[in-house]
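Notes follow the structure.
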Number of protein chains: 2
Amino acid sequence: MVTAHHAPGETRPGGRTARTRQAVLAAVFEELGDGGYAALSMERIAQRSGIHLATLYRRWRCIEGMVCELLADLSADVLLPDTGSLPGDLRALSHAIGAFYGDARRRSLIEAVVSAAARDPEAEAVLREFFDARLTLAGRMVVRAVERGELPADTDPKEVMSALGAPFYYRILIARRPVDAALAESAATAVWAAARAGAYARPDGAPAKGAGEG
Amino acid sequence: MVTAHHAPGETRPGGRTARTRQAVLAAVFEELGDGGYAALSMERIAQRSGIHLATLYRRWRCIEGMVCELLADLSADVLLPDTGSLPGDLRALSHAIGAFYGDARRRSLIEAVVSAAARDPEAEAVLREFFDARLTLAGRMVVRAVERGELPADTDPKEVMSALGAPFYYRILIARRPVDAALAESAATAVWAAARAGAYARPDGAPAKGAGEG
DNA sequence: GGATTAACGCGAACTTGCTCGCGTTAACCA
DNA sequence: TGGTTAACGCGAGCAAGTTCGCGTTAATCC
């Protein structure tokens, strides 16, 4: 019996594997820059990244998987603002989102992910869970505001954060125009006014809960 | 010279052509019902409609064209409410939108159209113009409200209507959950509060204009 | 360093989606 | 009613995109 060096069947995350991963995701991102999702093809990604076509299919199966992974990668380093007041937090986050989607490649990425989710159940699950986690996280901002007495106790944090994001995705996916600071400002102002008016109150009037809703 | 019966090169919109068109669009809509956009393929549409594959490609070139045409078809008969007050109009329209997207096939159709727009420039133009026209039309509701003095004079009608629609498309495309009456109610309440707070004021403070913005 | 084996490169084979040419059907008009 | 021809049905042919088998490279551990 050959004492296995590192449990045969295990993956090798380091070195070359990580390099190809980076090369491919970078290539996808750049490809989104010229031509958007329309011009995205396995062949072009292979050429741009210098990674062989067969390798791409082996690791990601299809483009859907790539764009999902890229989204998670790019969104990793986004911090929650904490200015001390909800309107301040909303403005800060809204402008952060606006700046993020100011880049056409990121807008194309969102298009790509939504398209992927529409066709591939696996991609759909990734997308859903990704945004759910993000809403839960950002919802803390609202929880703090409720604790400070800025909003009604029955305000649903996730609904508030959905409402903050919605105008951006409408702009990108439906109106199909660039995202600018004016949109960010409008979104923050609108959500703050709507939340104070009780538009995001839970139907059953349950009090706002913390992040862990397990 | 043969006196042309109906200008050679002309199309023949009646009879068989109209029938196949109806059969195909109906088949697309039904296909969206079982399996959504993922299961949509030219071959399946051909089988379900009983129209030959080559005919589909000749008339629509690709699936993108079909879903765009279907969207225009389905949305043709949507009326603007006129209850006498903006909050009333907003609630009515919001619930109409909610009812429209209560059907999973229509949600799948929107996914399909957005996916189509992401890949095909022609489909993108169709989508953009379609929603732009719709916003302009619905904006009349806001123009009336401004004239009644319910909203500031510098309110941008299209921005208000965008804000009303945004939560639905966020729910469908990003959150990927069904649309319900609670969402419709929330959207209407939110937009009304936000509009009164001046969230949709034009940056330059120009007064609200009519539908024709030339 | 040396042995083991994931991960990769390469090209051929395969599958799928799409197009083309031709004969047939049925709108449209006189 | 009959002539003209757009629109359709049909199957073969073409061009993508995708998979497979095998040899090579380079992580990983001893």
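A, B, ... follow the sequence lines: proteins, then strands. Residue 1 opens every chain. In this text the structure is predicted, and so the values were computed from the model without any measurement.
The base of D:dA27 does not come close enough to the side chain of A:Arg16 for any donor and acceptor atom to sit less than 3.5 Å apart.
Contact check for A:Val67 versus A:Leu40: side-chain heavy atoms found under the 4.5 Å cut-off. In this structure the side chain of B:Arg171 reaches within 4.5 angstrom of the side chain of B:Asp180, judged on heavy atoms.
Between B:Glu43 atom CD and D:dC10 atom P the separation is 14 Å, expressed in whole Å. Rounded to whole Å, the distance from CZ on A:Arg44 to C1' on D:dA16 is 15 Å. Per the geometry, CE belonging to A:Met42 stands 17 Å off P belonging to D:dA16, to the nearest Å. Rounded to a whole Å, the CD1 atom of A:Ile51 is 15 Å from the C1' atom of C:dA6. One can place CZ of B:Arg21 at 17 Å from C1' of C:dA27, the figure rounded to the nearest angstrom. Whole-Å rounding puts the A:His52 NE2 to C:dG9 P distance at 8 Å. As a whole-Å value, the separation of A:Arg19 CZ from D:dA26 C1' is 9 Å. The interatomic distance linking A:Arg119 (CZ) with C:dG17 (C1') rounds to 14 Å, in whole Å.
Exactly one of A:Ile51, A:Val24, A:Leu53 qualifies for a side chain to side chain contact (heavy atoms under 4.5 Å, CB included) with A:Ile45. That residue is A:Val24.
Contacts of B:Thr20 with the nucleic acid, taken as non-hydrogen atoms under 4.0 Å apart, involve only primed sugar atoms and P, OP1 or OP2.
Across A:Phe130 and A:Ala72, no two heavy atoms sit closer than the pair CE1-CA, 4.1 Å. The minimum heavy-atom distance linking B:Tyr200 with A:Ala190 is given by the pair OH-CB, 3.5 Å. For the pair B:Val179 and B:Arg107, the tightest heavy-atom approach, listed with the atom from each and the gap, is N-NH1, 4.0 Å. Of all heavy-atom pairs between B:Leu71 and B:Leu109, the closest is CA-CD2, 3.8 Å.
Near DNA chain D, meaning a heavy atom under 4.0 Å from it, residues 56-70 of chain A has A:Tyr57, A:Arg58 in order of number.
Using a 30° and 60° split on the angle between ring planes, B:Phe131 and B:Tyr169 fall in the perpendicular class, above 60°.
For D:dA7, the OP1/OP2 oxygens have no side-chain nitrogen or oxygen of B:Thr17 closer than 4.0 Å. In this model, the phosphate group of C:dA7 is not approached by any side-chain N or O of A:Thr55 to a distance below 4.0 Å at OP1 or OP2.
Axis angle, first five pairs versus last five pairs of the helix from C:dG1-D:dC30 to C:dA30-D:dT1: 60°, rounded to 10°.
When the shell of 6.0 Å around CZ of A:Arg106 is examined, it contains more than 12 heavy atoms from other residues, nucleotides or ligands.
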